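What follows is a short report on a single structure.
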Amino acid sequence: MRFHAPVLALALAATAGPAAAATEQYQLDEGHTFITFEVSHIGYAWIPGTFNDFSGSFTYDPETRSNSSAAFTIKTASIDTEHAKRDKHMRSDEFFNVSKYPEATFKSTSYRPTGKNSAVMSGDLTIKGTTRKVEFKVQELAAREDPWGNFRRGFTASTTIDMRDFSIDEYGLPEVSQKVDLRIAVEGLRQ
């Protein structure tokens with residue numbers, strides 16, 4: 001699957017509790033879902049990037065939103081910062097070690113509405129074999145039939161992770177370079 005950006009990273013199909021009859025199942029529209037990140041290069045400039053290969057699905061309950069859930073799997077070798085030499089370095093043992101850890105995953109454990117179109121999704125993010133709890137701030141976007149008769153639902157989710165939490169700290173970089181802003185823009189097709 002093609003992704004147009006842990007943490008990460010980001011496959012969907014988790015459960016946050018018993019699913020109600022109103023719970024809707026969605027598959028990612030890969031051409032309209034993006035996993036992007038931004039990290040500081042030791043305080044001098046911002047490096048944007050994406051992960052281009054991922055999969056996922058999610059459930060959404062419009063009546064009891066807290067029943068909603070998501071899961072993602074990201075192929076770590078698909079990291080893309082528009083610079084081949086840097087990407088090769090990011091795939092090496094010093095960073096993602098993609099030969100040993102080819103995937104990063106996220107599986108939600110709860111979905112807590114915080115407003116009419118906002119929520120906090122908590123879950124387990126695994127990068128380089130290390131799992132940490134993370135919280136994504138979620139904005140619920142449009143939900144309606146598209147011009148081709150498919151029902152779509154869209155979201156954005158963002159979080160900041162510390163690379164040291166996932167054993168990525170080879171150079172003892174300054175604090176500003178340890179934090180990664182991760183953003184997921186999701187468009188799903190109801191099944």
Side-chain angles (χ1 to χ4, degrees), residues 3-30 32-40 46 48-51 54-74 76 103-144 151-168 175-176 178-191:
F3 155 77
H4 297 307
V7 147
L8 0 195
L10 199 160
L12 303 159
T15 55
T23 300
E24 303 168 346
Q25 305 292 322
Y26 289 83
Q27 288 297 318
L28 297 184
D29 178 343
E30 301 155 23
H32 298 97
T33 297
F34 303 87
I35 302 173
T36 62
F37 63 87
E38 190 172 59
V39 63
S40 172
W46 288 96
T50 63
F51 288 94
F54 59 87
S55 60
S57 61
F58 63 93
T59 64
Y60 187 79
D61 187 335
E63 294 177 14
T64 309
R65 292 163 56 209
S66 59
N67 287 337
S68 304
S69 62
F72 291 87
T73 297
I74 297 170
T76 53
E103 294 180 341
T105 62
F106 173 79
K107 184 174 182 180
S108 68
T109 55
S110 70
Y111 190 82
R112 181 173 51 86
T114 56
K116 182 178 177 183
N117 298 308
S118 62
V120 171
M121 177 174 281
S122 300
D124 297 325
L125 178 64
T126 301
I127 301 172
K128 280 187 78 172
T130 300
T131 302
R132 296 283 187 250
K133 296 284 185 190
V134 297
E135 288 189 346
F136 282 90
K137 292 181 181 178
V138 177
Q139 287 297 309
E140 300 176 5
L141 306 174
R144 62 178 173 264
F151 190 87
R152 294 175 180 266
R153 191 173 288 279
F155 300 87
T156 60
S158 60
T159 192
T160 300
I161 62 168
D162 190 319
M163 293 190 296
R164 295 168 294 192
D165 291 341
F166 300 95
S167 302
I168 301 175
E175 182 77 18
V176 68
Q178 299 292 355
K179 307 292 186 179
V180 177
D181 294 330
L182 179 64
R183 184 171 184 266
I184 304 173
V186 173
E187 197 169 306
L189 291 167
R190 189 167 64 189
Q191 302 300 292

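Nothing here was measured: the structure is a model prediction, and the numbers come from that model. When a residue number appears, it is its place in the shown sequence, counting from 1.
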Checking side chain to side chain contact (heavy atoms under 4.5 Å, CB included) for the pair T156/L141: CA distance, chi angles, key distance, verdict?
-> CA-CA 8 Å; T156 60; L141 306 174; 3.8 Å; yes
Separation of R132 CZ from D162 CG (nearest 0.5 Å) = 10.0 Å
How many angstroms lie between atom CD1 of I168 and atom CD1 of I161, to the nearest 0.5 angstrom?
-> 7.0 Å
Over all heavy atoms of both residues, which pair between S55 and L28 is shortest? Give the atoms and the distance, please.
-> C-CD1, 4.0 Å
Please examine the side chains of F106 and M121, heavy atoms only from C-beta on, and report whether any two atoms are closer than 4.5 Å.
-> yes
Might you work through the side chain to side chain contact (heavy atoms under 4.5 Å, CB included) test for T126 and F166, ending with a clear yes or no?
-> CA-CA 8 Å; T126 301; F166 300 95; over 6 Å; no
Please check if the side chain of T76 supplies one atom and the backbone of A104 the other of a donor-acceptor pair under 3.5 Å.
-> no
Is D124 close to K133 at the side-chain level, that is, under 4.5 Å between some pair of heavy atoms?
-> yes
Could you please spell out the steps behind the side chain to side chain contact (heavy atoms under 4.5 Å, CB included) verdict for L189 and R152?
-> CA-CA 5 Å; L189 291 167; R152 294 175 180 266; 3.5 Å; yes
Is it true that atom CD of Q191 has more than 12 heavy atoms of other residues, nucleotides or ligands lying nearer than 6.0 Å?
-> yes
Quick one: closest heavy-atom pair of A22 and P62, and the distance?
-> O-CD, 3.6 Å
Quick check: does any side chain N or O of S68 sit under 3.5 Å from a backbone N or O of D61, one acting as donor and the other as acceptor?
-> yes
Spell out, as yes or no, whether a donor-acceptor pair under 3.5 Å connects the side chain of T159 to the backbone of E135.
-> yes
T33 (side chain) donor-acceptor with E187 (main chain) under 3.5 angstrom = yes
Give the minimum heavy-atom separation between R65 and S118, together with the two atoms involved.
-> NH2-O, 2.9 Å
What pairs with N117 under side chain to side chain contact (heavy atoms under 4.5 Å, CB included), at least two apart in sequence or on another chain?
-> E140
Return yes if a side-chain donor-acceptor contact under 3.5 Å exists between S69 and T59, otherwise no.
-> yes
Find the distance between OG1 (T160) and CD (E38) and round it off to the nearest 0.5 Å.
-> 10.0 Å
Drop me the distance from R144's CZ to R153's CZ, to the nearest 0.5 angstrom.
-> 11.5 Å
In terms of heavy-atom contacts, V39 and M163 come closest through CG2-CE, 4.5 Å
Parallel, tilted or perpendicular: which describes the rings of F58 and Y26, with under 30° parallel and over 60° perpendicular?
-> parallel
Looking at side-chain heavy atoms only, is the closest gap between P113 and S66 below 4.5 Å?
-> yes
Just do the side chain to side chain contact (heavy atoms under 4.5 Å, CB included) check on R183 and D181 with the steps written out, would you?
-> CA-CA 7 Å; R183 184 171 184 266; D181 294 330; over 6 Å; no
